[in-house]
Amino acid sequence: MKVYNFEPTDFDPIATDEAYMREALKLAQKAYEEEEIPIGAIIVSHGKIIGKGYNLTERLNDVTAHAEMQAFTAASNYVGGKYLKDCTLYVTVEPCVMCAGASYWSQIARIVYGAADKKRGASRYGNLYHPKTELASGVLAEECTDLIKSFFRNKR
């Protein structure tokens, strides 16, 4: 079944990306409050949030419980399948290699992230994303970076 999206003609993609990134930041803040690394992620399809998550690696004692992985699982359950071809992932920090690989297999259409991760980010290793996946970086980067830096500053 094809779902049509009737966006208004004055649609502003930058404002839309920022609005969704603010939702991901709320989840990152929740992770921060639970003493998890503060990364939040949401997946949007046709203007609707269909999956969300934040890091749960400490609570679940599971190194794979990243925010993106939680969001992929929720979105896949919502759509009833493993492919997220008409979806956008918004994540506060650049995906790691594992999450980039998961995004590849999901065939997600677009990934938007805030803060770059020069140490562990997937971009350090070349293009690990699906060839049809569009990337956008730096959306609310300062806010995303400040939150993660604050977390690690308080841990030291």
Side-chain angles (χ1 to χ4, degrees), residues 1-34 36-56 65-118 120-124 126-151:
M1 178 173 89
K2 179 78 173 160
V3 177
Y4 293 94
N5 188 11
F6 298 100
E7 295 288 345
T9 55
D10 62 344
F11 174 70
D12 180 354
I14 294 171
T16 300
D17 284 351
E18 288 179 356
Y20 286 126
M21 188 61 73
R22 288 195 193 291
E23 293 301 312
L25 271 164
K26 289 177 187 176
L27 293 167
Q29 183 63 44
K30 187 172 181 180
Y32 185 98
E33 291 163 6
E34 294 180 18
E36 296 277 358
I37 294 175
I39 299 174
I42 64 168
I43 295 178
V44 175
S45 178
H46 304 289
K48 181 177 183 176
I49 296 173
I50 63 166
K52 53 185 167 178
Y54 59 93
N55 271 3
L56 294 172
H66 289 195
E68 299 96 322
M69 302 301 270
Q70 305 302 314
F72 288 140
T73 299
S76 294
N77 286 334
Y78 181 88
V79 299
K82 60 187 175 181
Y83 298 117
L84 303 172
K85 293 180 180 184
D86 294 328
C87 300
T88 299
L89 167 69
Y90 291 89
V91 60
T92 57
V93 176
E94 177 184 358
C96 70
V97 172
M98 175 185 68
C99 294
S103 77
Y104 181 99
W105 292 112
S106 77
Q107 298 179 24
I108 199 153
R110 189 165 178 253
I111 298 174
V112 178
Y113 65 87
D117 185 346
K118 295 187 189 312
R120 294 178 189 85
S123 63
R124 183 172 180 218
N127 186 12
L128 301 177
Y129 301 101
H130 192 277
K132 293 182 180 177
T133 299
E134 175 191 329
L135 287 177
S137 62
V139 175
L140 301 182
E142 188 174 332
E143 293 173 50
C144 295
T145 301
D146 288 349
L147 184 60
I148 200 104
K149 282 185 175 179
S150 173
F151 176 80

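Note that this is a predicted model, so its numbers are computed, not measured. Numbers here are sequence positions counted from 1.
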Find the distance between [atom1] ([X]) and [atom2] ([Y]) and round it off to the nearest 0.5 Å.
X: Cys144; Y: Glu94; atom1: SG; atom2: CD; result: 12.0 Å
X: Ser103; Y: Leu135; atom1: OG; atom2: CG; result: 8.0 Å
X: Asp117; Y: Ile39; atom1: CG; atom2: CD1; result: 7.5 Å
X: Tyr113; Y: Glu68; atom1: OH; atom2: CD; result: 11.5 Å
X: Thr73; Y: Ile43; atom1: OG1; atom2: CD1; result: 8.5 Å
X: His46; Y: Cys87; atom1: NE2; atom2: SG; result: 7.0 Å

Results of salt bridge (Lys or Arg N to Asp or Glu O under 4.0 Å) for [X] - residues two or more places apart only:
X: Lys26; result: Glu23
X: Arg120; result: none
X: Asp17; result: Arg110

Does any part of the side chain of [Y], heavy atoms only, come nearer than 4.5 Å to the side chain of [X], both counted from C-beta?
X: Met69; Y: Met98; value: yes
X: Ser45; Y: Val79; value: no
X: Arg22; Y: Glu143; value: yes
X: Phe72; Y: Leu89; value: yes

Practice prompt. For Ala74, check side-chain contact (heavy atoms from CB on, under 4.5 Å) against everything at least two apart and list the hits.
Written response: none
Which heavy atom of [X] sits nearest a heavy atom of [Y], and at what distance?
X: Ala71; Y: Gly53; result: CB-N, 4.1 Å
X: Pro38; Y: Ala31; result: CA-CB, 3.9 Å
X: Leu147; Y: Gln29; result: CD1-OE1, 3.4 Å
X: Leu27; Y: Lys52; result: CD1-CB, 3.5 Å
X: Ala122; Y: Cys96; result: CB-O, 3.8 Å

Discussion item. According to ring-ring contact (aromatic ring centres under 6.0 Å, His included), does anything in residues 80-108 pair up with another residue at least two apart or in another chain? List the pairs.
Written reply: Tyr20-Tyr90, Tyr104-His130
Worksheet item: Counting heavy atoms not belonging to Phe151, are there more than 12 under 6.0 Å from its CZ?
Response: yes
Worksheet entry | More than 12 heavy atoms of other groups within 6.0 Å of Glu33 CD | yes
Fill in: Side-chain donor-acceptor contact under 3.5 Å, Tyr32 with Ser150
yes
Just by modelled atom types, is the [Y] backbone N or O under 3.5 Å from a matching donor or acceptor in the [X] side chain?
X: Asn55; Y: Ala67; value: yes
X: Thr92; Y: Leu25; value: no
X: Thr133; Y: Ile108; value: yes

Worksheet item: Sequence neighbours excluded, which residues qualify as side-chain hydrogen bond (donor to acceptor under 3.5 Å, both in side chains) partners of Tyr129?
Response: none
